[in-house]
Amino acid sequence: MAQPKNIKKQVRARMERTGESYTTARKNILDGKPESPKAVRAAAARTGTKPGTGAKSTAKPKPTPQSAAPAIEEEELPEYPAPEHVVQYDAALWQRVLTQAGVTHPLTGQPLSQELLAGLAGGIGFTAFTHLDEDEPSATLMTRSHGEPFTATLLARCGATINERTTNSPERAADYLDAGLDAGRAVVVRVAVHALPWVADDGIDPQDTIDVAVVGEHEQFLLIDDGSGSLAPITPEDLATARASRKRDKHWQAWVPTTRGPELETLRGNILQSIEATTGYLLGHRESRSVPPHLARHYGIAGMRWLAEKFADTDSPRGFNALLTTEERINTVFDEFCAAFTETRLAGPEGLRGLYAEFLDEAAALPGLEDLAEHAAAYQRLGEQWEELIGQFSAQIDPESRAEAFTAAGHSLQRIADAEGQAARNLEQCAQGLAANLIT
């Protein structure tokens, strides 16, 4: 997707003026956000990036009053919260949906947090692919959990009652949607990104989907929470088209019919289960159905080492030094790496490691899981290391001296891989010991 020209120069200039990190400054520029103290303190909601590449989709103006009704506050479902401090899009979306349904934490009585839901879904992982032939180069970098379907795992482990439906019939889909809304609940539906009326479809893969919440009705329109911070009106016909645009998960929806939340014992078990799965996928000794064996080197810590070797290889024709020879090709690939850390779906700030550290801290508050707190600091440090690496990606690189810059990035990534491996092994051992204690 098209990016603003000289994006790196704009980002660096904004960083100097505001004190923002590279990822925050870049995200705010792409979102068109003015410079303000708020921009320094926190990243905002989802950027609307293209899944898998981090490339930002060009947004169309939202429907005007002549073509769509404004999102009237009184028409929203009661107790539905606005997006705040979104770090991982899907976990934050379900945090709002579960909060509106009245689901609470068994120990605190408070709504389940974004951090807890993200961790239960798997939290963190790593995936890297590059396509660097003579045509336009591209790169994909993801730092979200890669071993299991994120949303499906979140719903299975959160302990709430979830009403899921999938149908080939648009009429039945509309009836199922009405049933959830009539019950006073937000309904999450899966839509094709390119088919949403307020998103330009130029260059967006027709298979790219996103989950959004239907949170109310106004006149002939449905009101959609897409994480942007304001509700988007859409006609039932346009929503049906967006839901039907992909055969897989056609007309899928889910909502929370009761306020029943997780029991304490179940939540503790699910937390440990999720940690063992996450560390197992990262370390490569847990097999994932979604990862073909011949591609395993691109995932987890093995994927970090593979990418580090591509950077550090200055001799063979397959290294970045031989494949990224012009300023344009270097900027294309490195901008996509940087973009991955500013979107909030498949990656995110600090590679989502800071969010995972907060998950471990929150999990450690449960009786019997106190030892998890000892591992939060390692993931907080990893988040800082990922941010430092993005600083290297964001630097302007002279093609004539690229080998030195590539080698430095490769060494940094290798150090991260070493630290990730140690952190995962330690955390896995801790979780296994805690699980054994809970059984006995």
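We number each residue from 1, following the sequence as shown.
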| task | Carefully, step by step, assess T167 and S169 under the rule side-chain hydrogen bond (donor to acceptor under 3.5 Å, both in side chains). | result | CA-CA 5 Å; T167 177; S169 167; 4.7 Å; no
| task | State the CH2-OG1 distance between W94 and T99, to the nearest 0.5 angstrom. | result | 12.0 Å
| query | Between atom CD of E79 and atom CD of Q100, what is the distance when rounded to the nearest 0.5 Å? | reply | 8.0 Å
| Would one find more than 12 heavy atoms of other residues, nucleotides or ligands at under 6.0 Å from atom CD of Q207? | yes
| field | Contact check, side chains of T166 and H251, non-hydrogen atoms, under 4.5 Å | value | no
| Exercise: identify the closest heavy-atom pair between L132 and S138 | CD2-O, 4.0 Å
| note | Checking V215, D225, V188 against R96 for side chain to side chain contact (heavy atoms under 4.5 Å, CB included), the one that qualifies is D225
| query | Backbone N or O of P137 within a donor-acceptor pair of the T332 side chain at under 3.5 Å? | reply | no
| Between F406 and F334, does the ring centroid distance fall short of 6.0 Å? | yes
| said: Please check this pair: side chain of T241 against backbone of E237, looking for a donor-acceptor N/O pair closer than 3.5 Å. | reply: yes
| With a 4.5 Å heavy-atom cut-off, do W252 and V189 have their side chains touching? | no
| query | ring-ring contact (aromatic ring centres under 6.0 Å, His included) with F126: which residues, sequence neighbours excluded? | reply | W386
| note | One should read off an interatomic distance between R243 CZ and S245 OG, to the nearest 0.5 angstrom, of 11.5 Å
| query | Can L181 and L177 be said to form a side chain to side chain contact (heavy atoms under 4.5 Å, CB included), step by step? | reply | CA-CA 6 Å; L181 293 175; L177 176 60; 4.2 Å; yes
| task | Given side chain to side chain contact (heavy atoms under 4.5 Å, CB included), test I210 with R345 step by step and report yes or no. | result | CA-CA 9 Å; I210 190 171; R345 297 203 57 215; 3.7 Å; yes
| request: Please name the pair of heavy atoms, one in S145 and one in F150, separated by the smallest distance, quoted to 0.1 Å. | output: CB-CD1, 4.4 Å
| said: Using only atom types and a distance under 3.5 Å, with no angle test, would you say the side chain of Q114 pairs donor to acceptor with the backbone of H85? | reply: yes
| query | From D226 CG over to L231 CG, what is the distance, rounded to the nearest 0.5 angstrom? | reply | 8.5 Å
| task | Could you pull out the closest heavy-atom pair between S230 and S228, with the gap in Å? | result | O-OG, 3.1 Å
| Do T140 and T127 come close enough that some side-chain heavy atom pair is under 4.5 Å? | no
| Closest approach of A128 and L307, non-hydrogen atoms and distance? | CB-CD2, 4.2 Å
| query | Is the side chain of S274 donor-acceptor paired with the backbone N or O of I271 at a distance under 3.5 Å, no angle test? | reply | yes
| Looking at CG of L427 and CD of E276, how far apart are the two atoms once the value is rounded to the nearest 0.5 Å? | 9.5 Å
| task | Answer with yes or no after comparing the ring centroid distance for F393 and F311 against a 6.0 Å cut-off, counting only values under it. | result | yes
| task | Search all heavy atoms of A419 against all heavy atoms of L382 and return the closest pair with its distance. | result | CB-CD2, 3.7 Å
| Within 6.0 angstrom of E287 CD, more than 12 heavy atoms from elsewhere | no
| request: State, with a plain yes or no, whether a side-chain heavy atom of M304 is found less than 4.5 Å away from one of E420. | output: yes
| said: Set out, in order, the CA-CA distance, both residues' side-chain angles and the distance that settles side-chain hydrogen bond (donor to acceptor under 3.5 Å, both in side chains) for S412 and Q392, then state yes or no. | reply: CA-CA 9 Å; S412 295; Q392 292 179 265; 2.7 Å; yes
| Under 3.5 Å donor-acceptor, K310 side chain and R318 backbone | yes
| said: Does any part of the side chain of E350, heavy atoms only, come nearer than 4.5 Å to the side chain of T143, both counted from C-beta? | reply: no
Going by atom type alone, with no hydrogens or angles, which donor-acceptor pairs under 3.5 Å involve a side-chain atom of residues 255-264 and a protein atom two or more places apart or on another chain?
{"residue": "T258", "atom": "OG1", "partner": "R260", "partner atom": "N", "Å": "3.2"}
{"residue": "R260", "atom": "NE", "partner": "T161", "partner atom": "OG1", "Å": "3.2"}
{"residue": "R260", "atom": "NH2", "partner": "T161", "partner atom": "OG1", "Å": "3.1"}

| message | With side chain to side chain contact (heavy atoms under 4.5 Å, CB included) as the criterion, how do I397 and L324 come out once you've worked through the C-alpha distance, each side chain's angles and the decisive distance to 0.1 Å? | response | CA-CA 11 Å; I397 297 174; L324 303 179; over 6 Å; no
| field | Member of Q88, H146, R144 meeting the side chain to side chain contact (heavy atoms under 4.5 Å, CB included) criterion with L346 | value | R144
| query | Just wondering, do D208 and H194 contact through their side chains at under 4.5 Å, heavy atoms? | reply | no
| task | Classify the side-chain pair Q396/E327 by whether it contains a donor and acceptor separated by less than 3.5 Å. | result | yes
| query | Checking side-chain hydrogen bond (donor to acceptor under 3.5 Å, both in side chains) for the pair R329/T326: CA distance, chi angles, key distance, verdict? | reply | CA-CA 5 Å; R329 290 175 70 84; T326 67; 5.0 Å; no
| query | E217 side chain to L223 main-chain N or O, any donor-acceptor pair under 3.5 Å? | reply | no
| task | Test R157 against every option in L116, N270, L117, L267 by the side chain to side chain contact (heavy atoms under 4.5 Å, CB included) rule and name the one that passes. | result | N270
| task | State whether Y379 and R353 meet the cation-pi test: NZ (Lys) or CZ (Arg) under 6.0 Å from the six-membered ring centroid, and within 45° of the perpendicular axis. | result | no
| task | Sequence neighbours left out, what passes ring-ring contact (aromatic ring centres under 6.0 Å, His included) with H298? Give chain and number order. | result | F129, W306
| Do E148 and R289 sit within salt-bridge range, that is, some charged N less than 4.0 Å from a carboxylate O? | no
| query | For the atom pair CG (L98) and SG (C158), what is the distance rounded to the nearest 0.5 Å? | reply | 5.5 Å
| request: Dump the intermediate steps for side-chain hydrogen bond (donor to acceptor under 3.5 Å, both in side chains) on E362 and S113, then the final yes or no. | output: CA-CA 9 Å; E362 183 172 340; S113 70; 2.6 Å; yes
| request: Return the minimal non-hydrogen interatomic distance between A213 and L93, and the atom names on each side. | output: CB-CD1, 3.9 Å
| said: Side chains of F221 and I234, heavy atoms from C-beta outward: is any pair under 4.5 Å? | reply: no
| field | Side chains of L120 and L154 in contact at under 4.5 Å (non-hydrogen atoms) | value | no
